[in-house]
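Data block below; observations after.
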Amino acid sequence: MPFASRLIAACRQVGNPIVAGIDPRFSMLPEPLRNAFPDTRAGRADAFRTFGLQLIDVLTGRVPAVKFQAAFYENQGPEGMSALRDTLVYARTRRLLVILDGKRNDIGSTAEGYAEAYLAAHEDDLNAANAPWPADALTINAYLGSDGVNPFVQAASRSGNGLFALVRTSNPSARDFQDLVADGKPLYRHVAEHLAHWAKPHCDGSGYSLLGAVVGATYPEQIAELRQAMPGVLFLIPGYGAQGGSARDVATAFDAHGLGAIVNSSRGLAFAHLRNDLRSPHDANWQRAVETAVTEMAADLAENTPAGHLRSA
C-alpha cells in the first residue's frame, strides 16, 4: 500500500490524525528514567532508548504515527544514533507509521544518500530493513528547488514511503524569508505551487500524494490558503499545543472527511507528566499521563475540526 493510503488507513483505524513527537531531553525524562541511567552520553542514549520503547508501548493503538526529531539523538553521538535505530525499528514492529524529522536538503547523489539512510522499503522484514534508520517518511527542505526534491521523491516512490517538505513553518521568524514577495506572491506560495506540481504525479488511490507539506499551526490563515493551493497534498502540522496552535487553527487543513492532515504534538504528549494537573509523585504514573494527554488531544481535534469524522470511519 502506498504511503498516503497507509497513513489514511492508520488514521481511520485509531480514529484520529495525531502524530506523537518523540524529542527526548534527559532533563525532562520521567524521574525513574533519570535515576536509572548516568548523565553521560552513553547513559543518556540508553535512557532515550528505554523512554522511546516505553512511550511507543503507550502510543500503540492510540495514534497513527510517531515523529522522531533526529537532533536529540545525533547530539548523543554514535550511542544516540544506535538508540534511534532501535526505537525506529521497534515503532515499525508495533505498526506505527514513523516520520523521521531531519529536514534533509541536498542535490544529486548526496540527496539520494540521505534518502537511502532513512527511507526503508515498507514491505521489508522490519527487523532487517534496508535503511540504517528505517522510517516511513522523512522531512525535507525544498530550498534547492527540484534538483533537491526529485532525488528524494524518486527514492520514496521506489520504497513506497513518503516525504514532507517545509512550506510554511511554525516558528516566529518564518516571516523573515517565507513572507518575502516575489512576482507578486510571498515565497511560501511559490514553494507551495511547485510542491503541488511535484506531488501530483505521485497521488495514489486515496487522492493524496507521497509528497506532503509541513504547514505550521501558528498561521491559521495561511493553512486555509495553502489547503486551496495544494489539493492532494498531505499536511504535517507542527505547532499545536505548546507553540500556541489550537485545534480550531488547523481545522481548514482537513477535507470534509477529516483527511488530508496530521497534527503533531511533542512536548504535550511525551512529557505530559510535567503538566501540573497530571503530575504524580516521582513521575510514577508518567505513562498514564501520556494516555490522558492523547485522549484529550484526540477529543479536541474531533470537536473542533473535521477529523471527528475519523471516529465513525
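The residues of the chain are indexed from 1 along the displayed sequence.
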Salt bridge flag under 4.0 Å for residues Arg94 and Asp57
yes
Looking at Arg275 and Glu296, is there a salt bridge between them, counting it only when a charged N and a carboxylate O are closer than 4.0 Å?
yes
Should we say atom NZ of Lys185 is surrounded by more than 12 heavy atoms from elsewhere, each under 6.0 Å from it?
yes
If you define the side chain from C-beta out and look only at heavy atoms, does anything of Asp183 sit under 4.5 Å from His190?
yes
For a 4.5 angstrom cut-off between non-hydrogen side-chain atoms, does Val191 reach Gln178?
no
Is there a donor-acceptor pair closer than 3.5 Å between any side-chain N or O of Ser5 and the backbone N or O of Met1?
no
Taking atom CZ of Arg25 as the centre, report whether more than 12 heavy atoms of other residues, nucleotides or ligands fall under 6.0 Å from it.
yes
Got Ile8 and Tyr208 here, is their nearest side-chain heavy-atom distance under 4.5 Å?
yes
Between Ser266 and Gln69, do the side chains contain an N or O donor and an N or O acceptor separated by less than 3.5 Å?
no
Decide yes or no for Phe48 and Leu29: does some side-chain heavy atom of the first lie under 4.5 Å from some side-chain heavy atom of the second?
yes
Between Leu97 and Phe3, is any pair of side-chain heavy atoms under 4.5 Å apart?
yes
Salt bridge flag under 4.0 Å for residues Asp23 and Arg267:
no
pair Leu259-Arg12: side-chain heavy atoms closer than 4.5 Å:
yes
Within the 3.5 Å criterion, strictly below it, is a donor on Arg41 or Gln76 matched to an acceptor on the partner's side chain?
no
Does Leu269 belong to the same Ile/Leu/Val/Met/Phe/Trp/Tyr cluster as Val66, with side-chain heavy atoms less than 4.5 Å apart forming each link?
yes
So which heavy atom on Ala289 is nearest to which on Ala272, and how close?
O-CB, 3.5 Å
For Tyr240, which of Asn264, Asp300, Val19 qualifies under side chain to side chain contact (heavy atoms under 4.5 Å, CB included)?
Asp300
So does His194 have more than 12 non-hydrogen atoms from other groups sitting under 6.0 Å from NE2?
no
Closest contact, heavy atoms only, Tyr188 versus Val167:
CB-O, 3.5 Å
Taking the six-membered ring of Phe235, is the NZ or CZ of Arg227 close enough (under 6.0 Å from the centre) and on axis enough (within 45°)?
yes
Atom CD of Glu31 with >12 non-hydrogen neighbours under 6.0 angstrom
yes
Can you name the nearest heavy-atom pair linking Arg49 to Ser82, along with the distance?
NH2-OG, 3.4 Å
Close side-chain approach of Pro134 to Val89, heavy-atom, < 4.5 Å:
yes
OG1 (Thr295) and CZ (Arg62) are apart, to the nearest 0.5 Å, by 6.5 Å
Phe51 vs Trp286, test: ring-ring contact (aromatic ring centres under 6.0 Å, His included). Steps then yes/no.
CA-CA 11 Å; Phe51 175 64; Trp286 72 267; 5.3 Å; yes
Which pair of non-hydrogen atoms, one from Pro151 and one from Ser146, has the smallest distance, and what is that distance?
CD-O, 4.2 Å
If we count only N and O atoms by modelled type, under 3.5 Å, do the side chains of Asn75 and Arg44 hold a donor and an acceptor together?
no
Flag if over 12 foreign heavy atoms under 6.0 Å of CZ, Arg248:
no
Any side-chain heavy-atom pair of Leu55 and Val290 under 4.5 Å
yes
Side-chain heavy atoms nearer than 4.5 Å, only ILVMFWY residues, links allowed to pass through others: does that put Ile99 and Leu195 together?
no
Using a strict threshold of under 4.0 Å (side-chain N to carboxylate O), is an ion pair present between Glu225 and Arg168?
no
With a 6.0 Å cut-off (strictly less than), is the heavy-atom count around CG of Leu53, excluding the residue itself, greater than 12?
yes
Should Phe37 and Leu84 be regarded as members of a common hydrophobic cluster, given that ILVMFWY residues are connected when their side-chain heavy atoms come within less than 4.5 Å of each other, either directly or indirectly?
yes
Report whether Ile22 and Val214 are members of the same hydrophobic cluster (ILVMFWY, side-chain heavy atoms less than 4.5 Å apart, transitive linking).
no
Starting from Val233, can I reach Val263 by hopping between I/L/V/M/F/W/Y residues whose side chains sit under 4.5 Å apart?
yes
Write down the atom of Leu211, the atom of Ala165, and the distance for their closest heavy-atom approach.
CD1-CB, 4.4 Å
Do the rings of Tyr73 and Phe68 sit parallel, tilted or perpendicular, given the 30° and 60° boundaries?
tilted
